[in-house]
Amino acid sequence: MSEQDDELIEIFIEESKEHLEGIEDNLLTLEEQGENIDDDLINKVFRAIHSIKGAAGFFGLTSTKNLAHTTENVLGKIRKKDLIPNRKIVAVLLQAVDVLNTMMEHPDEMDAVDISGPMKGLEQILEHPDDGAPSVNTPVVTREKTAPVTTPVEKSPEKTKAAVAPTRASQIVEEGAASQETSADSDFFTRSDAAPAVDASASDKNTLPIIDNSGKVIFSVSKSRLRAATAESKGGTYIYLVELPLTADGTSRGKSADEIIEELNQLVFIIESNLKENASAGNPHGYILLSTIMDDELLSTFLELDVHKLTIIEGDTFDAGANTRASSLMPAKEPADASKSSPVAPPAAKGGEPSNSEPLAMAEPSQTRTRPVTTDSSTRTSANAKKVKTEGSIRVNVKILDRLMTLAGEMVLTRNQLLQNLLNNDADKKLQRAAQRVDTITTELQDAIMSTRMQSVGIVFNKFRRVVHDMSRDLGKEIDLELEGEEVELDKTIIEAIGDPLTHLVRNAVDHGIEMPRQRTAAGKNACGHIRLSAFHKAGQVIIEVTDDGKGLDPNKIKDKAVTMGLYTPQELYAMPEQSILRLIFKPGFSTAKEVTEISGRGVGMDVVSSNLSNIGGVVDLESELGKGTTIRVKLPLTLAILPSLMVEVGGEHFAIPQMNLLELQRIPAAKVASTIEKLGSVNVMRLRGDLLPLIDLRNVLGIPHKQVVHPQTGEVFPDQRQGVLERPKDRRSSTATPLEKSAGSERRTHPLSAVNIAVVSAGEFNYGIIVDTLLDSEEIVVKPLGRHLSDCRSYAGATVLGNGRAALILDVVGISQVMELMDTTDAELRKHRDDETQETANTDRQSLLLVENAKNDVLAIPLGLVERVEKVSRKTIQNVAGKRTIKYRGGSLMLFSIEEVVSVDPICTSSDHIFVVVSKIAGREAGIMCSAIVDTIDADITIDEITHRSPGVFGSAIIQDRITLLLDIHSIVTETVPDWVQKSTRKLKASQIDNIDVQPRDEGTDPAVPQILVVEDSRFFMNQIKNTVEQAGFHVLTAEDGLAALDVLKQHHVDLVLTDIEMPNLDGFGLVERMRADSAYAHIPAIAVTSVMGEVAENRSREVGIDAYLIKLDRDQILEQSVHFLNHGRGN
Amino acid sequence: MSASSHIPNTTCEIVIFQVGETYCGITIDNVQEINKNMEITTVYSAPEYVRGVINLRGQIVTIVDMRKKFHMEPSEISKRMNNVVVNSKGEQIGLLVDNVEDIIPANQDEILPSPPHMNDAMGKYFTGVYKLEEDLVAILDMDKLLSKDA
């Protein structure tokens, strides 16, 4: 039998046991009702047997099915009122039920159990329904045939000794078996001496008919009632049949029957009583069946009766569990006498032959002669099996389990507090050891209680065999379903909740994932599709994956749909990473199936799956490759009551972030904050492995005031720097944004508090980062609900109690994203951001850039115009002389500069033997910038952000190929490393200055001796660059943003030199110079083109229009040199 | 619901506490306990009158700042302050009050209807007025006071 079947059988057995449990009583009640049977009751019994029959048939358990089937037939007749459930019929039915019970106790040999006994009885009933008069004799046939066969207890060879043997339990059984041979087995309490062969309804082992010596039934009590009686408050282990001598007028010692009962009721539990006169040879008496804690001596004293008037009814006859106690009592009471006495006689039968031991001796036969029809391997195992049943599993109210869970939760908290206090105090060793034990025990207790609610995921998985089987048949597909990790356990609540979402995912895989066999073969795949459902543990969570090897999701179709639905524009989708596009299927109303099929098109989309799972703390993600297949991954918590969480701290308060939602933690060092976090409109974003991750500051979400923070070590109080990190000027292109940012940045670097801690979380559809003050430990917390006044706070999922006894709030990651309208805002901002970029293209310069890599995957850009050459050199050839690295190069030596020494980037990747050297001419000398790889050269319209990332060695940043890329300032890298380099060049420049121009800085515009240079540039970045360069050299600068504006400036100011960009709106550089040359007033003014566009065509054209020099924008040395040259010499030559 | 439903008998006990300068009272059968557990965890983004939550033997109890509820200036936690924990619709809620004055037996007949003009921030929660020797005690309507909309 396969494992799955095993599990199903287990369920079947559990269910069957439940069905059978109540049947005994029900059948007995039916018997009582006789003709006026309760329809509901018979239906209930019928259904129970019917379910067993159905399930047994399903598993191919023929005998079980046959027995249940025949039983059902009889019950059917009773239901139709064709049969009246008389004693005999019920007895047979009970026998059948017993055999079924035996079967359920032995699932491994279920079908091997002998069913001939009850079958015969049942068939007889069906064949001769009218022959069903209550008769204790009829079933005997059955019993006699079956009992010897199926009672394999070794027969004692010493039959005669049996009666005198000491009443040890083990021997009792043997003796019983032996006496079976000599005297007829009976369930009845009979006088064995008087009527050894009196037979009983042996098959009826659930009712104990209690008869007197004449064989007359005094009481007929169900065993369960007897069992119950022992549990009654006034009842006890002992059950006695009391013979009460009555006077002729029905009283005893002057008390009426009612009075006697009332008196007895004070002390014992009365099961049955019959105080109507039983005239027996002039000895009128009544019987009372009672349960008490009193032993026979005590009871006889109390009743003022001879002890022989009491007959103990041995516990084992109705309750295997009572066996030990009952038997252990017996040796205490003259066991030897036992042999002499009649084993099953009510005392009256003795006819005034008092014997103390009688009631005790009673125990033996009754104990041994039960279960005449056990089809079990042994009577004893049967008894044991019953015992096991009571110990093995009990049904517990879920409320009690919940209560236990809560208490365990409390225990965990108290344990935490205890441990924390112990850590704080120097508790003595003994106390610490005790605490350790409490710790261990608590953990085990918690696990044990949790495990009561755990169910294996196989329960859900197995039903998919059928689902896949049926669906693939209907669709004409061939699909092989693989199940994995069915043994993985989850909380009952979660198991119940994942059924529907998983069904949807599986149906989707079958319907939309797996192709038709023809298509599969055409695509070179196995015609038979494969779907794998697997569950496994990972990081304290359970992951369920639904994987198919079907056609996969087509990102283009998703894009089309997204456009059709008006969710995004094609441009937006173009810029979206593929993963994000795939995730769009979780958007409401999104379904990519071309046509809604009957099978999965039920108006339920993936969005419902996603939201259903998030209700129980689950998170869905997916992977898909077109043509290869799709994997949908569901992350689930193990349980809902105890939540593994990351504790974080913001503004002095602790918060819990459920581990479930947590993806990773990022700590951005202060130095990197500026380069990692940027602002798009109102949203802070962070580049994380190529993705834009929206960031939220928990302070802003919750409205926590930005407090001063106390340094954890020094106790100093700082204003919180983090505020500054994310509170950059709204418009990053604004000219008011000054290098102040830079100074703020350097200040941040000075103390450790300024690093930014980010918990990257998943809100299902998308991920985002939560900025917190401090990341603390992981803790297992107990979820507690919040009161009604806080139910509207969507940021919280609940609260918990910390180890220190304080309450702390649990963050609701999905709720927060909704509160912040994060998705929408981000979308909108990203959209706007893109629009801005598009719009700005007109204002941007086309840049030729060399993209290089320093650390792995860390791409940096160098203006191509400044690059002379790129050389690949072996690391071995690098010489390190006096802290300066050089290589031999073209007969001389080339000094090497490393980027990370100036710019705060990760160090150069050292995995290769070679490095690349970007050779650039700085101040007339060649310098080599080291990098690990050359990525690309690009010509792109880019907007350079000169504020955000401005730092030594960096001009600024730009988004290049969807990544924030730093634009390196080679000049600055060189001069920062070797300050001499620059001074030399400056000196050189000064030396070359012309006599009539004083380049020392002066108040602007006041000294005509200071040459005025007009810088014409539309890019603010380059304008600043050039302006700074020229101003620092001591010239006075005028600016204009395009050619037309420049002409205006020329009209109003004296200009000695024009530095102009070529590509500008309104009037470009060529146009400007053309007009200048055409106007006699300006024709003499030297004009230098500074551009980033390289190319002969442009250079030729510039000469044509009368441009005197053609330079690269960022080559400040050249710009100065040429400027000085032309100021000295004029356009002349 | 009026306060009379809380005061089925003619005599009852009233817990008197101070919120700012105002003496307020609630019948004792509303009160579960009075404590000085000031380990209040602020719940940011909660309604303004919610001071925070406390852990009351494993239960998370919302603490309503009575000063805020009455539109008074909130005050710093002081030693005299108390949480009057009440049972309201099956939930325990703590009322943060400035000071618990007394618990007095009162005759229901002596609780007078509150003056009709009292409909301001405080007055709307009053159902009656009880006269002490020197002061007037405003009897609060728990349901109104702790309803979510108020």
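Hydrogens, waters and symmetry mates are skipped; everything else that's a heavy atom, side chains included, is used. Quick note on labels: first sequence line is chain A, next is B, and so on, each numbered from 1.
Between B:Tyr49 and A:His789, the two ring planes are perpendicular [angle over 60°; tilted spans 30° to 60°].
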Next on the checklist: Is there a side-chain contact (heavy atoms from CB on, under 4.5 Å) between A:Glu649 and A:Val772? Walk through the geometry before answering.
Outcome noted: CA-CA 6 Å; A:Glu649 192 232 288; A:Val772 300; over 6 Å; no

Checklist entry - Does the pair A:Val813 and A:Tyr768 meet the rule for a side-chain contact (heavy atoms from CB on, under 4.5 Å), with working shown? => result CA-CA 9 Å; A:Val813 166; A:Tyr768 67 94; 3.5 Å; yes

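Using a 4.5 Å cut-off between heavy atoms, B:Glu91 touches chain A through its side chain atoms alone. For B:Val50, the part lying near chain A is the side chain, with the backbone staying farther off; criterion is any non-hydrogen pair under 4.5 Å.
Chosen from B:Asn37, B:Ile40, B:Leu56, the residue pairing most often with chain A at heavy-atom distances under 4.5 Å is B:Ile40.
A:Asp812 has no carboxylate O lying under 4.0 Å from a charged side-chain N of A:Arg794, or vice versa, which leaves the two without a salt bridge.
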